[in-house]
*Asks:* 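First, the structure itself, so that you have it in front of you.
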Amino acid sequence: MKFNLNSFLLATSTALDHAEEEIMHITTHHSKRCAYISLRIGIELGLSEEECFDLCSLALMHDNGVTQAFYNQNWLEAGEKKSLEIMEKLVDHCKIGEKNVRNFPFLTSPKNVILYHHEYLNGSGLYGLEEGDIPIMSQVICFADDIDMKFDLLDSSITALNGINTYAKENKGNLYHEEIVEAFLRLSSKISFWRDLNDENILNSVERYLPVIDSTIELKDLLSISSVFSNIIDSKSKFTALHSNELTSKAKMVTEYFGWDERKSVFFQVAANLHDIGKLSTPRSILEKNGPLSKSEFEIVKEHAYLAHMILKAIDGFEQIHEWASAHHERNDGSGYPFGMKEEELSFEAKILACLDMYQALVETRPYRAAMSHENAMIVIYEQVPRNLFEEAIVDLIAEIFAAEAA
Ligand SMILES: [Fe+2]
Ligand SMILES: [Fe+2]
Ligand SMILES: [Fe+2]
Ligand SMILES: [Fe+2]
């Protein structure tokens, strides 16, 4: 199928950034700003269109390993911790991030760009690599990442710009490659470069400089990219550590039961992998609350379905995946969210996925209850039928397909 990796990553970066905000205290659109700065520097350096395309994808994904590296770590809340422990976690986010993108359909086979995105020319980075050993794309991303972390790039006052330019010059040839700093200083002299970074412009700005490249993807590769995201989503909380992955395995069993063709089967599994992508923006304190949620907390939880809708709607070729995944909390009587869609507006596949999601949640442990058996989960789901939340025929299917597995 036709697939533009950058259009996919630009859409999902909103959710990834939310997850990192909680851990790294980055600001909104951090990865898009890194992608924009990297892309502009890449073009200045004379990288090919294909290299610039890959550079943008890698910059968008540069910290994708953060959520998994810091999984279940309370060091942030705990305050002071040994710096060695933090350093190990930082190295882990490079390793995990690199592994996650290993099977992405890049155009130029870039290697170890994310692994070495915290290396400095003088050897003072996480792995102590020096100049010639650091991939050029890693060097560009490292520079873009650093200036976005150290400075408020949305403040384009003369004083602020002087501060950034001075920092770049002072570290030229020391931390950062001379050509990278010089390319940046040429860009920095243009007012448009800074305006492009504004929140309301940033998405458009990246798209404007991205080379237009038509690419296609094998269905199995699409499934493996979506699995990377389901692993990141699942790592957000120990209680949902397997939720998206397990849902996808069950979704696969559903597709086999119906004998759907490969395309429909993969789309259904991708929908399962990504259905909770919006949870990356739900605070962990709510996901792990040991007790019933307050009304306002539940309102925050509901946001995740709307965010999934916004993200998936923006991806070309994802129309069906979007329809199925973003309706996973809709219910037949219109009492679901985010749209309150009714029975007749929901497709058969969306209804199955919604029911399957509830089944999966019930057979998992939650902070306030133990995991249920298949039988008990089915009792709870059958209770939804007279209330017109799910239809009986769909619930019967779930009961039938998973009874054998549970036995
Ligand atoms: Fe990083
Ligand atoms: Fe970063
Ligand atoms: Fe959900
Ligand atoms: Fe879910």
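Each ligand, and each atom within it, is numbered from 1 in the order the structure gives.
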*Asks:* Between Tyr127 and His118, is any side-chain donor less than 3.5 angstrom from a side-chain acceptor?
*Replies:* no
*Asks:* Checking Asn64 against His93: is there a side-chain donor and acceptor pair closer than 3.5 Å?
*Replies:* no
*Asks:* Less than 4.5 Å apart, side chain to side chain, heavy atoms only: is that true for Phe229 and Asn273?
*Replies:*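 No, every pair of side-chain atoms sits at 4.5 Å or beyond.
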*Asks:* Flag the pair His30 / Glu21 as yes when at least one side-chain heavy-atom distance between them is below 4.5 Å, and no otherwise.
*Replies:*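 They are not in contact (no side-chain heavy atoms under 4.5 Å apart), so the answer is no.
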*Asks:* With no hydrogens and no angle check, is any side-chain donor or acceptor of Glu330 less than 3.5 Å from a backbone partner on Phe339?
*Replies:* yes
*Asks:* Pro105 and side chain to side chain contact (heavy atoms under 4.5 Å, CB included): which partner among Asp221, Ile225, Leu222?
*Replies:* Ile225
*Asks:* Report yes if the side chains of Cys142 and Glu119 come closer than 4.5 Å at any heavy-atom pair, otherwise no.
*Replies:*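 Result no, sub-4.5 Å side-chain heavy-atom pair not found.
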*Asks:* What count do you get for protein N/O/S atoms less than 2.8 Å from the Fe ion (ligand 4)?
*Replies:* 4
*Asks:* Rounded to the nearest 10°, what angle sits at the Fe ion (ligand 3) between NE2 of His329 and NE2 of His304?
*Replies:* 90°
*Asks:* With distance as the sole criterion, is a donor-acceptor pair present between the side chains of Gln139 and Tyr116 under 3.5 Å?
*Replies:* no
*Asks:* Show all protein N/O/S atoms under 2.8 Å from the Fe ion (ligand 1), or state that there are none.
*Replies:* Asp63 OD1, His93 NE2, His117 NE2, His118 NE2
*Asks:* Taking the six-membered ring for Trp, are Phe298 and Tyr337 parallel (under 30°), tilted (30 to 60°) or perpendicular (over 60°)?
*Replies:*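 Correct class here is perpendicular.
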*Asks:* Is there a side-chain contact between Phe348 and Ile352 (heavy atoms, below 4.5 Å)?
*Replies:* yes
